[in-house]
Asker: 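Starting off with a structure, shown below.
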Amino acid sequence: MQFKKKKEWVCFICLIAVFCLMAQIKPKAGNADTFISQEYVAYCEEIGRQYGICPELLEAIMESESSGNPRARNGNCKGLMQINEVYHKKRMQKLGVTDIYNERSNILLAADYLVELFAEHGDLGTALMVYNGSKNALSRGEQADYTKYAETIMKRSEQLERLHQK
């Protein structure tokens, strides 16, 4: 890069200094460690307490399933946690959920389902594979041969937990 004027050189140095300073700025506590909204983080904390699930697990699933988009849809799976209404109609009735796209309700459905899966299978990796509809989830879970999905969620949940303990 060649600079013809002193002013260009000074601007270039200033620009580099700004980038260096920006790289050192620490985001505020809260949802700085995740890109999902603070509102959804708060729902994860509330519902996590209610169900005895660490909120970071719910956040990690949300990041993976919908990237924090409450209107996300993939086939019949809808909302932040990609809940399939077809399979969860009774759960929706039990919990009084009428709108699958309601952010709090969607997280509530996911937490309720996860607790059921964990109680049934006794293993988080297996529960996550079943949640995700992974092929051969039960046999893979017996061998601790977790899918990339399950491993990614467990790893991300651990990362978020460490970040939140600061």
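This one's a predicted model, so the numbers in the text were calculated from it and none came from an experiment.
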Asker: With a 4.5 Å limit on heavy-atom distance, are the side chains of Cys44 and Ile107 in contact?
Answerer: yes
Asker: Do Asn102 and Leu108 come close enough that some side-chain heavy atom pair is under 4.5 Å?
Answerer: no
Asker: Can you give me the closest heavy-atom contact between Ile47 and Arg104, atom names plus distance?
Answerer: CD1-O, 3.5 Å
Asker: Are the side chains of Thr126 and Tyr146 in touch, meaning some heavy atoms are under 4.5 Å apart?
Answerer: yes
Asker: Can you name the closest pair of heavy atoms from Glu63 and Ile36 and give their distance?
Answerer: CG-CG2, 4.2 Å
Asker: Counting distance only, does the side-chain N/O of Gln82 pair as donor-acceptor with the main-chain N or O of Ala72 below 3.5 Å?
Answerer: yes
Asker: Do Tyr40 and Asn106 have side chains that approach each other closer than 4.5 Å (heavy atoms only, starting at C-beta)?
Answerer: no
Asker: Identify the heavy atoms of Ala60 and Ile153 that sit nearest to each other, and give their distance.
Answerer: O-CD1, 3.5 Å
Asker: Calculate, to the nearest 0.5 Å, the distance between atoms OG and CG belonging to Ser139 and Asp145 respectively.
Answerer: 8.5 Å
Asker: What's the separation between atom OG in Ser64 and atom CE in Met62, rounded to the nearest 0.5 Å?
Answerer: 11.5 Å
Asker: Walk me through it: do Asp33 and Gln159 pass the test side-chain contact (heavy atoms from CB on, under 4.5 Å)?
Answerer: CA-CA 9 Å; Asp33 43 39; Gln159 289 172 340; over 6 Å; no
Asker: Would you give the length of the straight line joining atom CG of Asn69 to atom OG of Ser37, rounded to the nearest 0.5 angstrom?
Answerer: 11.0 Å
Asker: Are any non-hydrogen side-chain atoms of Ile61 and Tyr149 less than 4.5 angstrom apart?
Answerer: yes
Asker: Which value, rounded to the nearest 0.5 Å, describes the distance between Tyr43 atom OH and Gln38 atom CD?
Answerer: 11.5 Å
Asker: Among Leu138, Leu124, Leu117, Thr147, which one satisfies side chain to side chain contact (heavy atoms under 4.5 Å, CB included) with Met129?
Answerer: Thr147
Asker: Are Met81 and Phe35 in one and the same hydrophobic cluster, where Ile, Leu, Val, Met, Phe, Trp and Tyr link if side-chain heavy atoms are under 4.5 Å apart?
Answerer: yes
Asker: What do the steps show when you test Met92 against Leu109 for side-chain contact (heavy atoms from CB on, under 4.5 Å), and what is the final call?
Answerer: CA-CA 7 Å; Met92 290 174 70; Leu109 289 164; 3.8 Å; yes
Asker: Do any N or O atoms from the side chain of Arg73 and from the backbone of Lys78 form a donor-acceptor pair under 3.5 angstrom?
Answerer: no
Asker: For the side chain of Ser134 and the backbone of Ala137, is there at least one donor-acceptor N/O pair under 3.5 Å apart?
Answerer: no
Asker: Just wondering, do Ile83 and Tyr131 contact through their side chains at under 4.5 Å, heavy atoms?
Answerer: yes
Asker: Please list every donor-acceptor pair under 3.5 Å in which a side-chain atom of residues 93-100 meets a protein atom from a residue at least two apart or in another chain.
Answerer:
unit_1 : atom_1 : unit_2 : atom_2 : d
Lys94  : NZ     : Asp112 : OD1    : 3.4
Lys94  : NZ     : Asp112 : OD2    : 3.0
Asp99  : OD1    : Tyr101 : N      : 2.9

Asker: Does Arg162 reach the main-chain N or O of His164 with its side chain, forming a donor-acceptor pair under 3.5 Å?
Answerer: no
Asker: For the residue pair Tyr113 and His88, categorise the inter-ring angle as parallel (less than 30°), tilted (30 to 60°) or perpendicular (more than 60°).
Answerer: perpendicular
Asker: side-chain contact (heavy atoms from CB on, under 4.5 Å) for Glu161 and Leu57? Distances and angles first, verdict last.
Answerer: CA-CA 9 Å; Glu161 285 182 67; Leu57 176 63; over 6 Å; no
